[in-house]
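Read the structure below first, then the notes.
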Amino acid sequence: MKPETLLYPTPKGLFCEKGGFYIDPVQPVERALITHGHADHARAGHTHVMATRETLDIMRSRYGDAFCVSTQEAILGTRTTIGDVTASFHPAGHVLGSAQIAVEANSTRIVVSGDYKRRRDPTCLSFEPVRCDVFITEATFGLPVFHHPDDRGEIAKLLTSLKQFPERAHLVGAYSLGKAQRIIALMREAGYDAPIFIHGAMARLCDYYESEGIALGDLRPATIDAKDKQSFAGAVVVGPPSAFADKWARRFPDPMPIFASGWMLVRQRAKQRGVELPMIISDHCDWPELTATINEIKPAEVWVTHGREEALVRWCELQGIAARPLHLVGYDDEGE
Amino acid sequence: MRPFADLLDRLVLTPQRNAKIKLMTDYFRAAPDPDRGYALAAIAGTLTLKTVKPNVLRQLVLERMDEVLFRYSYDYVGDLAETISLVWEPAATGKPASADLSLGAVMHQLETAGRANVHGLVRDLLDQLEGSSRFAFLKLITGGLRIGVSARLVKQALADMGNVDVTEIETLWHGLSPPYVSLFQWLDGKAGKPKLDMPAVFHAVMLATPVGDNDLASLDPKDFAAEWKWDGIRVQLANLAGTRRLYSRSGDDISGAFPDILEAADFEGIVDGELLVGGTMRTNRATRTFSDLQQRLNRKTVTRKMLEEYPAFIRGYDLLFSGERDMRPESFLTRRAALSALIEKAVPSHFDLSPLVPFSSWEELDRLRKEPPDPVIEGIMLKRLDSPYTSGRSKGPWFKWKREPYNVDAVLMYAQRGHGKRSSYYSDFTFGVWTEIDGKDVLVPVGKAYFGFTDAELEVLDRYVRNNTIERFGPVRSIRAEAGHGFVVEVAFEGINFSSRHKSGVAMRFPRISRLRTDKLPSDADRLETLLAMIGTAEGNLAPPAEPI
Ligand SMILES: [Zn+2]
Ligand SMILES: [Zn+2]
């Protein structure tokens, strides 16, 4: 069958008519398949939700038990029949529980990547390429400028700064789901074993990662009385980026604003945000990973969703791969 | 190259002065010669390289990349060198980029390459360098390095590194050249202080401290000479062993912009004075304002027309060297007598002597200070008669006693978050005064201030901003400001002038928030007419000259 009839964009999100479900819908629907737990992909209010166990747990912890009427756990690599199609979930390497979703009918297979990356991440399973006729890829960092450096070098920048400025609190802004835990795990791998202080907004998710067997070391709440302000000298404090522009940041001595994001590659972006130490660490593919993935999967066709669609479509055209933008709305950039 | 590239990236994003110094000092301690010397030259602006044209770079990148994809990338990043550094994909057959190519090696290759080979060399180096090093390299060869570090600041970092006084660095500075190996050897304690063979080098200037509230009570007027403080820029003119140089007070060589003065300097020695525009007292013509002087500043060369319309001269304050003789250990009186004799024989149109102001009591001097006889005077200098010429600023021998700064009451209109320590505070303020437009009184912004208040006052201001925001545009908040509701501050500033760049038509010099007037309503604030009237009596200053990079 024609892929355009198997899956197509609607205002509520990507829709599979034959299966009667949406993937990552942005409005409440009857039946939703969810790729991962980020709030722009995993919304509350659907009737029936199918996702990996971890994604269901994350949604429950964010929205409460009543986030939907009924749930179905997706087992990675197992095919499930839904209406007239089969669906299967495969690791995406983005955050804990993240999955690509393959949808198949009449020997046409489309893979929806959701958000994904190709690098090693100690906090989640690695991306698995799945052969398909149509690969739907994200393009958050879909411009040739994006070359994310080795994350160990970025962690080293932070560790160097801690030695250089031992009197300053190092405030690391990182997305609460995935990025924060990855930064902490990478710091532990680099041998940093002092307590790391976390903003209240990410305590539950860190606890959840720990309960899933991802060791994050000694984590403590970043709450203090004004009188022991100095105890945060030289400490690492991790919090959501929005908290650092807030009064909350003032409790720390001479705070150094740090932001862990793929956007930090562009100097002007870092400067505009008042970031002193940019850490270029992303949970999305950079340009070489996007293009290498397409070369590896060799789909007959590529559809491009949220991000810099035009550049990736152009690149596909130059390679002789059929490609088009999907123009889905409602998905955010990383940590912005 | 990587440590240098990392340093640049950090310096650009670090707002605090001390943190910048620390970053530079740590780098200078860790980096080897000659890398650190070239880095120093790049930061201080003393590096001379053949520059590569943007078109050449564009050509190089398009050899490997689709033009449309390049355009998308450039549109997004907005800076050519940065775009190329980010999109560059090393050639598959290129040498492995295993070892980090040193800054010294890169400089050596650039210096020895022939004109014809530059194209290929740049391509080769881009292949061998990684991301942020590519960026630093491209900025160096396009001459577009802007990192917000003044020459003064990098000299302070050198002083900290070697635990010496910054004036020692300033004195040596113009006698040394990149890659400054002898300087670093000395600062490392591995060799003695470098010997200079060029005599016409800059000698750190003597600075005054402001007169404090109770300073004068314990001093005897008979021990001091008073002089007008002229509102030009402080300079040092050196002419020794056939070399003539004009330096700013921080030791920047500004000779290129003032050929008229260098040509007229037919005496041997080193003079300390004020650089001004207009006529000297010896020619009986008026001294012109700072804004006229500004026409001649920050230029590499100067046209004949400029020389005629804005003639520059030096008003002598002091004499450091008379011929080869070091006058600095002598008393002020002795130096002054020698200076007076020297200027008498100098070209009248380009040199005069700063006159002394006779006085017998501090009260009398205070009156003179408040009503100076010339609009280009910004206060009084007090100099101990027996004081030698010592570099730097120590309290006691020299005082400056400025005219009162101007004051107005203004209303806060916009606020923006500060940097670094203050990044969680709204600490940068735009303030306005009343004016009538179309028959209605409205507030018009007249300036910006981000200091002058105490930490406790900042808490008050920040709270007011947060509770009275009416609109946000990016980092800027617009604050409620109406006749009956708003925040009034007293703004002090040192000068005011007409400005076509500001909507209000005026520009203040050095404005600061001197007091919070919580006792006043916005309707009590000043009007634009008050400010315009001040221009008539002001010293005629535009913005101060930008700090040389
Ligand atoms: Zn995501
Ligand atoms: Zn997303």
Side-chain angles (χ1 to χ4, degrees), chain A residues 141-150 153 156-157 160-161 163-165 167-168 171 243-259 263-278 280 286-288 291 308-315 317-319, chain B residues 2-3 6 8-16 18-19 22-23 25-27 30 61 64-79 81-90 130-132 134-135 148 416-426 459 462-463 466 474-475:
Chain A
F141 293 105
L143 269 182
V145 294
F146 290 106
H147 287 72
H148 300 146
D150 188 334
K157 284 204 278 190
T160 304
S161 178
K163 289 199 195 92
Q164 220 167 2
F165 298 101
E167 70 289 353
R168 301 181 70 178
L171 268 49
F244 294 122
D246 211 34
K247 284 185 176 180
W248 178 79
R250 283 184 211 167
R251 63 185 75 188
F252 304 107
D254 195 2
M256 179 175 305
I258 301 167
F259 186 24
W263 299 118
M264 292 295 101
L265 189 74
V266 178
R267 288 163 178 81
Q268 199 51 30
R269 290 287 275 254
K271 208 172 166 99
Q272 275 163 359
R273 291 188 71 118
V275 170
E276 264 188 64
L277 184 65
I280 309 162
D286 63 4
W287 177 259
T291 53
R308 313 259 143 207
E309 299 166 343
E310 71 281 11
L312 202 55
V313 168
R314 167 78 184 172
W315 179 85
E317 281 165 3
L318 292 171
Q319 311 298 310
Chain B
R2 202 167 310 168
D6 287 346
L8 292 187
D9 278 344
R10 291 298 308 275
L11 286 174
V12 169
L13 295 175
T14 299
Q16 291 173 26
N18 286 344
K22 168 84 176 146
L23 289 167
T25 308
D26 284 357
Y27 170 82
V61 74
R64 292 193 189 170
M65 187 177 184
D66 173 49
E67 194 168 349
V68 175
L69 287 175
F70 178 72
R71 203 182 61 229
Y72 287 148
S73 301
Y74 186 27
D75 283 352
Y76 178 77
V77 176
D79 176 280
E82 184 167 9
T83 308
I84 293 174
S85 77
L86 293 173
V87 300
W88 191 265
E89 295 279 1
E130 54 77 51
S132 65
R134 272 201 298 267
F135 174 72
Q416 191 170 351
R417 279 207 299 275
H419 285 287
K421 222 185 242 185
R422 284 175 163 186
S423 54
S424 72
Y425 285 92
Y426 284 91
E459 295 278 355
D462 179 76
R463 200 173 322 126
R466 288 175 190 275

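Labels below follow one simple rule: chain letters A, B, ... track the order of the sequence lines, proteins then strands, and each chain is numbered from 1.
- Of the listed residues (Leu23(B), Thr83(B), Ile84(B)), the greatest number of heavy-atom pairs within a distance under 4.5 Å of chain A belongs to Leu23(B).
- Within 6.0 Å of CD in Glu167(A) there are more than 12 heavy atoms belonging to other residues, nucleotides or ligands.
- Exactly one of Met264(A), Arg273(A), Lys271(A) qualifies for a side-chain contact (heavy atoms from CB on, under 4.5 Å) with Leu13(B). That residue is Lys271(A).
- Ranked by heavy-atom pairs under 4.5 Å with chain A, the list Met65(B), Gln16(B), Arg71(B) is led by Gln16(B).
- For Gln272(A), no part lies near chain B; criterion is any non-hydrogen pair under 4.5 Å.
- Using a 4.5 Å cut-off on side-chain heavy atoms (C-beta onward), Pro149(A) and Glu130(B) make no contact.
- A heavy-atom distance below 4.5 Å is found between the side chains of Arg250(A) and Asp462(B).
- Summarising the geometry, atom OG belonging to Ser132(B) is positioned 8.0 Å from atom CD1 belonging to Ile280(A); distances are rounded to the nearest 0.5 Å.
- A donor-acceptor pair under 3.5 Å is absent between the side-chain atoms of His147(A) and the main chain of Val87(B), judged by distance alone.
- With contacts defined as side-chain heavy-atom distances shorter than 4.5 Å, the pair Tyr76(B)/Val266(A) qualifies.
- Ser424(B) approaches Phe244(A) most closely through the heavy-atom pair CB-O, 4.5 Å.
- Note that OG of Ser73(B) is 7.5 Å distant from CH2 of Trp287(A), once rounded to the nearest 0.5 Å.
- In this structure, CE in Met256(A) is found 6.5 Å from OG1 in Thr14(B), a value given to the nearest 0.5 Å.
- Considering every non-hydrogen atom in both Glu276(A) and Arg10(B), the closest pair reads O-NE, 3.7 Å.
- Counting only heavy atoms from C-beta outward, the side chains of Arg308(A) and Tyr72(B) never approach each other to under 4.5 Å.
- The part of Pro288(A) that comes within reach of chain B is its side chain, from C-beta onward, which places non-hydrogen atoms under 4.5 angstrom from that chain.
- Rounding to the nearest 0.5 angstrom, the gap separating the CH2 atom in Trp315(A) from the CG atom in Asp66(B) is 12.0 Å.
- Per-residue heavy-atom pair counts under 4.5 Å with chain B were compared for Ala311(A), Pro257(A), Ala249(A), and the maximum is reached by Ala311(A).
- Side chain to side chain, Gln268(A) and Asp79(B) fail the donor-acceptor criterion of an N or O pair below 3.5 Å.
- The closest side-chain heavy-atom distance from Arg267(A) to Val12(B) is not below 4.5 Å.
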Requested in this report: For Leu69(B) and Leu318(A), run side chain to side chain contact (heavy atoms under 4.5 Å, CB included): C-alpha distance rounded to whole Å, both residues' side-chain angles, the deciding distance at 0.1 Å, then the answer.
Outcome: CA-CA 10 Å; Leu69(B) 287 175; Leu318(A) 292 171; 4.2 Å; yes
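- One finds the CG atom of Leu86(B) at 11.5 Å from the CG atom of Asp286(A) (value rounded to the nearest 0.5 Å).
- Here the CG atom belonging to Asp6(B) is positioned 8.5 Å from the OG1 atom belonging to Thr160(A), to the nearest 0.5 angstrom.
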